[in-house]
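Here the structure comes first, spelled out in C-alpha cells, and everything after it is commentary.
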There are 2 protein chains.
Amino acid sequence: MPWKSDLARFPRPNVAVDIAVLSVLPQQPTDATGSLAVLVEGEAGGLRGRALPGRFLREGQTITACVDDVLSIKAGLNNVSAEPRLLRVFDDPHRDPRGWTLSLAHSLTLPPRRLQEATAGLVPIATNGELESGETLLFDHNAIVSEAAASIRDRYEQLPDPDGLLEDGFTMAELKGLHEAVIGEPLLKDTFRRRMEPNLQPLTDPDGARLLRSDGGRPAQVFVHRRDHPSVAALQRRVLLPRAAR
Amino acid sequence: MPWKSDLARFPRPNVAVDIAVLSVLPQQPTDATGSLAVLVEGEAGGLRGRALPGRFLREGQTITACVDDVLSIKAGLNNVSAEPRLLRVFDDPHRDPRGWTLSLAHSLTLPPRRLQEATAGLVPIATNGELESGETLLFDHNAIVSEAAASIRDRYEQLPDPDGLLEDGFTMAELKGLHEAVIGEPLLKDTFRRRMEPNLQPLTDPDGARLLRSDGGRPAQVFVHRRDHPSVAALQRRVLLPRAAR
DNA sequence: TTAATAGTGTCTATAAGACAATATATA
DNA sequence: TATATATTGTCTTATAGACACTATTAA
C-alpha cells in the first residue's frame with residue numbers, strides 16, 4: 001500500500017467493468033450437443049463492431065453494483081444477484097484512444113431462464129474458446145470470452161452444477177446435457193453418472209420414497225446439488241501430487 | 001465498454017497495485033520441510049501494522065511497470081522481469097479512509113537467490129495459507145497471501161517448476177525439496193519421481209552421456225524443465241470428467 | 001409387444017500410494 | 001568396508017473409459 005503519497009496528487013484512470021455473461025443454448029438440429037454462449041452487445045455508438053457489455057465504475061460503487069447496473073441497463077436484467085468473477089485487468093495505457101482507461105474483465109453465469117428478457121444476443125462459443133461465428137469483438141473482448149469459457153469449463157469438471165445453471169430437481173440426463181453444452185463435447189452416460197453421483201442428493205417425497213420424473217421412457221430419479229458432501233472435499237482436493245509420507 | 005460517456009465527467013478512483021512476492025525458505029532445524037514465504041514490508045508511515053508492498057498506478061504505466069517500481073523502491077530488487085499474476089480486486093469504496101481507492105492484488109514468484117538483496121522480510125506461510133507467525137497484515141492482505149499461496153500450490157501440482165524457482169540442472173531431490181517447501185508437506189520420493197519424470201529433460205554432456213552431480217552419496221541425474229513435452233498437455237488436460245464417446 | 005429412456009455389471013488400462021530392494025558414489 | 005543418497009521393482013487400490021446388459025415406463 002502507498003503511504004506517503006497525497007492521494008490527490010496524481011492523475012487517475014477511468015475504470016471500466018466489462019462482463020462476459022455466460023449461459024447455455026439448447027441443442028440445435030445441426031449440433032450434437034447444446035452450446036455455451038455469451039451475451040454480446042449490439043452495435044454501439046460511434047464504434048464499428050460489437051463488444052461485451054460494460055460500464056464505468058462510479059464513485060461509491062462496488063464492482064458488483066456496477067455489474068448490476070450494466071445488466072439492467074444494457075440487457076434488461078434486473079436483480080441479478082450472481083457474483084461476478086474477476087478474469088483479467090486490461091492495463092495498456094493507450095488501449096482506449098479517449099484516455100487512460102483500465103478495464104476490469106469479469107464473467108458471470110446466468111441460467112437460460114433469466115436471459116429470455118435479454119435485449120442483447122447470446123452468441124455460441126466454440127470448443128476452442130472463440131465465438132462459433134468467428135466474429136471479432138472490439139478491444140480484447142475475444143480473449144475475455146475465451147478465458148471465461150475456460151474458467152466455467154474448469155468449474156464444471158469439479159462439480160455437477162457449480163454456477164447453478166439448473167434448478168433443483170434435475171435428472172441425470174438433464175445434467176449430462178448441461179455438461180455437454182458447457183464443454184461442447186458428448187459424454188458417456190455411465191461414466192458421467194458415476195462421476196456425478198457422489199455430489200448429488202436424490203430427492204424424496206415426505207415418506208422417503210424417491211421422486212421420479214418421466215420423459216417418454218423409464219422415469220428418472222431427480223436430484224439436487226449436494227454442496228456439503230464429504231466427497232466434494234475429495235474432489236476439490238489436489239490429487240496430482242503424491243501424498244505425504246505416513 | 002462505455003460508449004457515450006464523456007470520460008472526464010465522473011470522478012475516478014485511485015488505483016493501487018499490491019503484490020504478494022512469493023519465494024521459498026530453506027528447511028529450518030525445527031521443520032520437516034522448507035517453507036513457502038512472502039515478502040512483507042516493515043512498519044510504514046503513520047499506520048500501525050505491516051502490509052504487502054504496493055504503490056499507486058501512475059499515468060501511462062502498465063501494471064507490470066508499476067510492480068517493477070514497487071520492487072525496486074520497496075525491496076531493492078531491480079530488473080525483475082517476472083510477470084505479476086492477478087489475484088483479486090479490492091473494491092470496497094470505503095476501504096481506504098483517505099479516499100476512493102481500488103487495489104489490484106497480484107502475486108509474483110521470485111527464486112530465493114533474487115531476494116537476498118531484499119530489504120523487506122520474508123515471512124513463512126503455513127499450510128492453511130495464513131502467516132506462520134499468526135501476524136495480521138493491514139487491509140485484506142492476509143487474504144491476498146492466502147490466495148497467492150493457494151495459486152502457487154495449484155501450479156506446482158501441475159508441473160515440476162512452473163514459476164522457475166530452480167535453476168536448470170537441478171536434481172530430483174532438489175526438486176522434491178522445492179515441492180515440499182511450496183506445499184508444506186513431505187512427499188514420497190518414488191511417487192514424486194514418477195510424477196515428475198515425464199516433464200523433465202535429463203541433461204547430457206556433448207557426447208550424450210548423462211550429467212550427474214554428487215552430494216555425499218550416489219550421484220544424481222540433473223534435469224531441466226521440459227515445457228514442450230507431450231505429457232505436459234496430458235497433465236494440463238482435464239481428467240475429471242468422463243471423456244467423449246468415440 | 002416395441003420404442004424409448006434409465007440405470008448397473010464388469011472388464012481393462014492407468015496411475016497413485018506404499019514398501020522394499022538394488023545401484024553408485026564417498027569416507 | 002560402511003554410509004549416504006539415487007533409482008527401480010512391484011504390489012495394492014482407486015477410478016476413468018468402454019461395452020453390454022438389465023429395468024421401467026408409454027404407446
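Throughout, a chain's letter reflects where its sequence line sits, starting with A, and its residues are numbered from 1.
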Distance in angstrom units between [X] [atom1] and [N] [atom2], rounded:
X: B:Asp215; N: D:dA6; atom1: CG; atom2: C1'; result: 11 Å
X: A:Lys189; N: D:dG17; atom1: NZ; atom2: P; result: 17 Å
X: A:Phe192; N: C:dT8; atom1: CZ; atom2: P; result: 15 Å
X: B:Arg210; N: C:dA23; atom1: CZ; atom2: C1'; result: 15 Å
X: B:Leu203; N: D:dA6; atom1: CG; atom2: C1'; result: 17 Å

Exercise for the section: Kindly check if the number of other-residue, nucleotide or ligand heavy atoms within 6.0 Å of CG (B:Asp168) is above 12? Expected result: yes
Exercise for the section: Inspect the surroundings of CZ in B:Arg213 and state if more than 12 heavy atoms from other residues, nucleotides or ligands are less than 6.0 Å away. Expected result: yes
Exercise for the section: Spell out, as yes or no, whether a donor-acceptor pair under 3.5 Å connects the side chain of B:Glu185 to the backbone of B:Glu180. Expected result: no
Practice task
With the side chain of A:Leu188 defined as its heavy atoms from C-beta on, choose the nearest nucleotide among C:dG7, C:dT8, D:dA18.
Solution key: D:dA18
Problem - D:dA6 phosphate, OP1 or OP2, under 4.0 Å from B:Arg193 side-chain N/O - result: no
Practice task
May I ask you to verify whether the side chain of B:Arg218 and the base of C:dA23 hold a donor-acceptor pair under 3.5 Å?
Solution key: yes
Fill in the blank from the handout: Note: for A:Arg194 and A:Pro219 on DNA chain D, the residue whose nearest nucleotide lies more 5' is A:Arg194
Completion exercise
Sorted by position of nearest nucleotide on DNA chain C, 5' first, the leading residue of A:Arg213 and B:Gly216 is A:Arg213
Practice task
Look up atom CG in A:Leu25 and atom CG in A:Asp31, then write down how far apart they are to the nearest 0.5 Å.
Solution key: 9.5 Å
